[in-house]
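Here is the structure we will look at.
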Amino acid sequence: MKGKIAFVLGAGLGYVLGSRAGRERYEQIKAGATKLWNTAPVQRGRDEVNGFVSTKTQRLQDSVVEAGKVFVKSVTDFSNSGRKDAARAVQEATSPAAPAQATPREAPEAGTTGAER
């Protein structure tokens with residue numbers, strides 16, 4: 001049904017825009033379209049569509065707001081965890097570390113140098 005309506009509207013618009021019938025024919029088409037628009041069935045359909053769109057718009061708005069809240073919370077959580085990680089890294093870098101355990105080297109054998117090993 002929607003496809004038929006779209007086709008008729010498109011055909012009418014195409015005729016009006018592409019017509020060489022002149023201003024008089026354009027005025028006749030415009031008057032017919034206005035008369036059709038003001039009929040009760042069309043107005044009921046318009047009201048139904050407006051109600052549908054209003055409902056969907058409100059739901060969409062609610063969904064967008066909720067998604068925005070989730071996004072802001074995730075960014076904030078990520079930012080806070082990054083600060084904690086950075087603070088931990090600074091703390092580890094500035095705290096005195098335990099002395100490193102040096103591995104004992106074996107003394108070179110008598111008569112050899114360390115390069116020969």
Inset, instruction - Mind checking side chain to side chain donor-acceptor pair (under 3.5 Å) for K35 and listing every partner two or more places apart, or none if nothing turns up? - result: none

Legend entry - Residues that K69 engages under side chain to side chain contact (heavy atoms under 4.5 Å, CB included), provided they are two or more places apart: V65, E66

Inset, instruction - Can you sort out the partners of K73 under salt bridge (Lys or Arg N to Asp or Glu O under 4.0 Å), two or more places apart, ordered by chain and number? - result: D77

Below 3.5 Å, can you tabulate the donor-acceptor pairs from side chains in residues 41-49 to any protein atom, sequence neighbours excluded?
{"residue": "Q43", "atom": "OE1", "partner": "R46", "partner atom": "NE", "Å": "3.0"}
{"residue": "Q43", "atom": "OE1", "partner": "R46", "partner atom": "NH2", "Å": "3.0"}
{"residue": "Q43", "atom": "NE2", "partner": "W37", "partner atom": "O", "Å": "2.5"}

Legend entry - Residues clustered with L60, ILVMFWY side-chain links under 4.5 angstrom: V64

Legend entry - Approximate separation, where rounding is to 0.5 Å, of K4 NZ and L9 CG: 14.0 Å

Inset, instruction - List for me each residue that meets side chain to side chain contact (heavy atoms under 4.5 Å, CB included) alongside E24, sequence neighbours excluded, and say none if there are none. - result: Q28

Legend entry - T55: partners by side chain to side chain contact (heavy atoms under 4.5 Å, CB included), with sequence neighbours left out: R59

Inset, instruction - To the nearest 0.5 Å, tell me how far T34 OG1 sits from I29 CD1. - result: 11.5 Å

